Asker: 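Handing you this structure, nothing more for now.
Chain A is the first sequence line, chain B the second, and so forth, proteins listed ahead of strands; every chain is numbered from 1. Remember, it's a predicted structure, so these values are computed and weren't measured experimentally.
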Protein chains: 2
Amino acid sequence: MVRKAGKMAKSVSVDDVVNVLRERIVNHELPPGAKLREAPLAAEYGISRARLRDAFSILEQLGLIERVRNQGAIVTRLSAEQVDELFAMREVLEALAVRLATENAPKGAWDELTERFGPQAERAIAEHDLDYYISIVTAFREQTIAASQNEILSQTLDGLYDRTKVLIRRLLLVPGRAQTGLIEHRKILAAMNAGDAVLAEQLKRENIRGACEWFRNYRKFIL
Amino acid sequence: MVRKAGKMAKSVSVDDVVNVLRERIVNHELPPGAKLREAPLAAEYGISRARLRDAFSILEQLGLIERVRNQGAIVTRLSAEQVDELFAMREVLEALAVRLATENAPKGAWDELTERFGPQAERAIAEHDLDYYISIVTAFREQTIAASQNEILSQTLDGLYDRTKVLIRRLLLVPGRAQTGLIEHRKILAAMNAGDAVLAEQLKRENIRGACEWFRNYRKFIL
DNA sequence: GCCAACCAGATTGTCAACAATTTTGACGAT
DNA sequence: ATCGTCAAAATTGTTGACAATCTGGTTGGC
């Protein structure tokens, strides 16, 4: 998209630039290994190089880019080991979110979500409509994290998810993965609806561990 | 301490300043709520204000300080709710580290640690030698995290621990807490020595959850 | 041809001055 | 005395220029 040269009502902030760059990185619009040069990016976003460097500093803390002194910044390349590490942490943290959400939420809080995981989800998967499955899984994650009422957990999980987002989408391309995930999520939701927080946590752990196993088996196609 | 004015072999880096400030913050040498002014700190560490600001940016990402625009930075004040949030995350993440450590480590990897949790620990606690107890608990945490061979987990846990370090130390002042923690750690180590990763993880969770409960009960004395 | 030294261009790192904003303190009216 | 106003001082935010470093290509010697 062509950049507007005219003056905005207010100048873009460092956080704005961080969010735009984060989006571009997690969607692999800026692929792993891509070199990020300061001057062109600063010009593109209409900010000074110093402020863009502040944005780089934040992206580095988030683990999205890596910087070497006097050599610049590149989009982080995830090794297979690092993916395993991220999955291990998501396993326990997303499961924690599910447990807290189950404990905190009132009765019937998951009715709408349960409905969306119903027969129409089955049909969507049969027709290879992966966007639908992605939308309900995203809704599940966002709603459970919000209901967990744990801000620090929410931020940490967002950071972890950003780093694996593309891989998770690719994993859904593997035949059978979406169907397996659907069944597992139904079981989790059943436990949540029954108010069994401990079981829901355990099932969510098994869900992510299973996803990690599938990833290992199809690693060469996904990475 | 009086600052040396002479030139060093190499100038201090931003990371050096971050580490010094982090140390001062987690030890409450800079207490929660303390205002951090840029110019005096930059002069104290012998760096320019711009670089000190970079350090502030990192500390903000770590959650150790909070900044408001045009108003400066203060050391983060933890609310009771935030402490609960941090404990909830430590519960699952440190337990994960214990599980991974148990799975990864060879036979006998915990012999030295088990020895240090032996009768001499009992005597130290009876004599109110809390430093000894702190040393072995620290060793337990550091060795399990290292053995988990998960760098991202390690960094995340370091960040969480920094923010609660002083509170954990104060919790040990509560009569009986150290003794309870000692017994729990012995059980965890027994499971680790037996190679039962799942049990060790479960016991570590109960250990931290218990610590969180004690904290809740003595909140008004500790916070 | 091959390699090392070297130079020009590009890129990143650092700084000190300037601008914008907030805080402080004095002053005067009610 | 209390409050509002306003200017001065202190503090933070931003920028452009300069220094340090790396990259890639060229030259010259073997």
Asker: From CZ of R37(B) over to P of dG13(D), roughly how many Å is that when rounded to an integer?
Answerer: 13 Å
Asker: Between Q71(B) and Q71(A), name the one whose nearest nucleotide on DNA chain D is closer to the 5' end.
Answerer: Q71(B)
Asker: On the 0 to 90° scale, with breaks at 30° and 60°, tag the Y218(B)-F221(B) ring pair as parallel, tilted or perpendicular.
Answerer: tilted
Asker: May I ask you to say what R51(A) touches in the nucleic acid, namely base, sugar-phosphate or nothing, with a heavy-atom cut-off under 4.0 Å?
Answerer: sugar-phosphate
Asker: How many whole angstroms separate atom CD1 of I74(B) from atom P of dT11(D)?
Answerer: 16 Å
Asker: Parallel, tilted or perpendicular: which one describes the rings of F87(A) and F215(A), with boundaries at 30° and 60°?
Answerer: tilted
Asker: Applying a 4.0 Å non-hydrogen cut-off, can you work out what L52(B) is touching in the nucleic acid: base, sugar-phosphate, or nothing?
Answerer: nothing
Asker: Given dT14(D), dT21(D), dT15(D), which nucleotide is nearest the side-chain atoms of R53(B)?
Answerer: dT14(D)
Asker: Looking at every strand, decide which applies to L36(B) at a 4.0 Å heavy-atom threshold: base, sugar-phosphate, or nothing.
Answerer: sugar-phosphate
Asker: Want to settle it: does F56(A) or I47(B) sit nearer the 5' end of DNA chain C, counting the closest nucleotide to each?
Answerer: F56(A)
Asker: Would you mind classifying the nucleic acid contact of R69(A) as base, sugar-phosphate or nothing, using non-hydrogen atoms under 4.0 angstrom?
Answerer: sugar-phosphate
Asker: Do the numbers put R141(B) on top of the ring of Y161(B), so that NZ or CZ is under 6.0 Å from the six-membered ring centre and no more than 45° off the axis?
Answerer: yes
Asker: What integer distance in Å separates R49(A):CZ from dA17(D):P?
Answerer: 12 Å
Asker: Using whole Å, what does the distance between atom P of nucleotide dG13(D) and atom CD of E60(B) come to?
Answerer: 10 Å
Asker: With respect to the side chain of S48(B), which nucleotide from dT22(C), dC15(C), dA17(D) is positioned closest?
Answerer: dC15(C)
Asker: Test Y45(B) against D16(B) for side chain to side chain contact (heavy atoms under 4.5 Å, CB included), laying out the working first.
Answerer: CA-CA 9 Å; Y45(B) 297 125; D16(B) 293 334; over 6 Å; no
Asker: Donor-acceptor pair under 3.5 Å: do we get one between R67(B)'s side chain and the base of dG13(D)?
Answerer: no
